[in-house]
There are 2 protein chains.
Amino acid sequence: MTKNARALEEDLSKARLRLWLRLLKLTQGIETDLRRKLREHHGTTLPRFDVMAALARHPDGLKMSELSSYLKVSNGNVTGIVDRLTQEGLALRISVPGDRRAQIARLTPRGRETFDSMAAEHEAWIDTLLSDLGSEDITTMATLAERVLAKEGTYEHP
Amino acid sequence: MTKNARALEEDLSKARLRLWLRLLKLTQGIETDLRRKLREHHGTTLPRFDVMAALARHPDGLKMSELSSYLKVSNGNVTGIVDRLTQEGLALRISVPGDRRAQIARLTPRGRETFDSMAAEHEAWIDTLLSDLGSEDITTMATLAERVLAKEGTYEHP
DNA sequence: GCTTGAAACTTCAAGCTTGAAATAAATTCC
DNA sequence: GGAATTTATTTCAAGCTTGAAGTTTCAAGC
């Protein structure tokens, strides 16, 4: 009893859906864990951590719009998070000479310190959570993920 | 110049972190896409869709607590989403005979219809988004994801 | 110069999310 | 049977998130 091409396509579609659900379960599970750890160990949240990580990678700061496109979140969103980080003394806004519309967000020295200590732990957490993956597994998975990502950019939304 | 064991461990840790960031980018990218499509095509949201999918898989309904543990979200969260689905006539609450504390959430017939039409499209979207993965790739990736997930459950949070 | 349009942000309302506190009902333990 | 505990759920405040609408500033075209 061999299947025809149509049936095989349907099987493949179902398999892709199952894989998607599994990937979702994986990343959401890890994210939930990270959220809890960030809260319990550092009294912060994942969005704050993400913004600080972005700013840490760009020591000269990022414009608000660069920040939101880098993190793939809305403009209004980063406004709020940077507001709170600023209130807490972890970030600050600098005006851009020559463009009075723009603002550059930067970490304060204390923000930098805070982030560095969190980042070290963060890496250790991920290391533990993914410890069942060896060097080869990592390469395999990263390659496949990259293949999907490469397409994603070019995919126009119908 | 061979590296010692310590240096290799560090490389591996960094590689795991990079993989994690890539997986995150992948799932978040797809999720963003799904959100937009659900909104534009069906005027709904991903959380609503997730709840409806869970209820669709359990035609006899789920207790609120079962629903929240199934979806891995907080109790209070599903209360709100089921409230809104109920307001929209897509779900309803049934009291459990013999336990006046509990409530069972179910899809209404209209909820079921609505979900079925969304689900068909949803599968097609995923199929397109993951179309670069063939049968073998899917198996590989699913197996690796499963390996991490298997551990995740047993991992006690320190 | 002036107007028109684009760009950079912020504000806003609505909904999602969480963890903690509150309520109510069932169960367990004397 | 009554007290203490556990279980099921809702409520609540705070924060995250989005898309849309609004403000201010810059850039182009005339």
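Here is how names work: the chains are called A, B, and so on, in the same order as the sequence lines, proteins then strands, and each is numbered from 1.
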- Ring centre gap for Trp125(B) and His41(B) strictly below 6.0 Å: yes
- Message: Need one value for Leu46(A): base, sugar-phosphate or nothing, where a base atom within 4.0 Å counts as base even if backbone is also close, heavy atoms only.
- Response: nothing
- Query: Mapping Ile104(A) and Arg84(B) onto DNA chain C by nearest heavy atom, which one lands closer to the 5' end?
  - Reply: Ile104(A)
- Item | Pair Asp33(B) + Arg36(B), salt bridge at N-O below 4.0 Å | yes
- Message: Please determine whether a side-chain nitrogen of the Lys or Arg among Asp137(A) and Arg147(B) lies less than 4.0 Å from a carboxylate oxygen of the Asp or Glu.
- Response: yes
- Nearest heavy-atom contact between Leu46(A) and Glu31(A) is CD2-OE2, 3.7 Å
- Message: By nearest heavy atom, map Gly80(B) and Asp99(B) onto DNA chain C; which one lands nearer the 5' end?
- Response: Gly80(B)
- Identify all stems in which DNA chain D takes part, counting only runs of at least 3 consecutive pairs (Watson-Crick or G-U wobble, each distance under 3.5 Å), and give each as one range with another, ordered by first number. C:1-30 with D:1-30
- Which nucleotide sits closest to the side chain of Met64(B): dC16(D), dT9(D), dA8(D)? dT9(D)
- Closest nucleotide of DNA chain D for Pro47(A) versus for Arg100(A): which of these residues is on the 5' side? Pro47(A)
- Query: Among pairs that include at least one residue of residues 77-96 of chain B, which meet salt bridge (charged side-chain N to carboxylate O under 4.0 Å, His left out), considering only residues two or more places apart or in two chains?
  - Reply: Arg48(B)-Glu88(B), Asp83(B)-Arg93(B)
- Task: Not counting sequence neighbours, which residues clear ring-ring contact (aromatic ring centres under 6.0 Å, His included) with His58(A)? List them please.
- Result: Tyr70(A)
